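Everything quoted here is computed from the prediction, not taken from an experiment. Computation of the quantities below employed the complete heavy-atom set of this structure, encompassing side-chain atoms and omitting hydrogens, waters and symmetry-equivalent molecules. This chain uses plain numbering: 1 for the first residue, then up along the sequence.
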Amino acid sequence: MMEELDHFYVKGEGRRWVVPDAEYCWAGRIMAAPYKAEGYHRVMVKKMPEGNMVSVLYLDFGTVDKARFQDMRLLHKKFLKLPAQAIEGKLWGVKEVEGRQAQAKKRLVEMVREGNLVNGVVGMV
């Protein structure tokens with residue numbers, strides 16, 4: 001679905017699905033927005049436009065970031081069929097080492113991408 005969504009908004013009909021004005025962009029609305037160089041993704045608007053920026057939650061990754069209002073697109077209903085893919089996770093028994101948070105976060109992301117987590121998912125709530 002990710003590739004189809006990106007193709008729709010970059011090369012297809014979705015290029016014309018521009019948000020006409022800020023009245024179409026409200027907190028809780030599901031839309032499409034680019035994420036860095038990763039292409040278009042489904043987002044939920046968190047905060048109304050501040051200037052030309054909108055605070056959004058990337059539904060399939062769980063990342064909160066800002067997107068440029070002019071890059072936002074109305075979401076086609078065919079991209080609403082799949083539920084959000086991001087799930088909340090918590091680490092148990094991990095202690096924070098003062099001054100090394102950035103290094104620890106980077107290493108955790110590497111381990112997740114490599115599939116190198118020893119215990120994997122223990123349970124879900």
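- A chain of hydrophobic side-chain contacts below 4.5 Å, direct or via other Ile, Leu, Val, Met, Phe, Trp or Tyr residues, connects V45 to V64.
- The distance from the CG atom of D6 to the NE2 atom of H41 is 7.0 Å, given to the nearest 0.5 Å.
- Between the side chain of Y35 and the backbone N or O of A67, no donor-acceptor pair lies under 3.5 Å.
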Would you list the atom pairs, donor with acceptor, under 3.5 Å between side chains in residues 17-30 and any protein atom, with sequence neighbours excluded?
{"residue": "W17", "atom": "NE1", "partner": "E13", "partner atom": "OE2", "Å": "3.4"}
{"residue": "D21", "atom": "OD1", "partner": "E23", "partner atom": "N", "Å": "2.9"}
{"residue": "R29", "atom": "NH1", "partner": "Y24", "partner atom": "O", "Å": "2.7"}

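- The heavy-atom pair separating M31 from M72 by the smallest distance is SD-CE, 3.7 Å.
- Taking NZ of K66 as the start and CG of N52 as the end, the distance is 10.0 Å to the nearest 0.5 Å.
- Rounding to the nearest 0.5 Å gives a distance of 13.0 Å between NZ of K47 and CE of M53.
- Expressed to the nearest 0.5 Å, how far NZ of K46 lies from CG of L57 amounts to 6.0 Å.
- Side-chain atoms of Y40 come within 3.5 Å of backbone N or O of D71 as a donor-acceptor pair.
- Between the side chain of R42 and the backbone N or O of F79, at least one donor-acceptor pair lies under 3.5 Å.
- Going from atom CZ of R16 over to atom OH of Y9 covers 12.0 Å, rounded to the nearest 0.5 Å.
- The distance from atom OG1 of T63 to atom CD of E38, rounded to the nearest 0.5 Å, is 10.0 Å.
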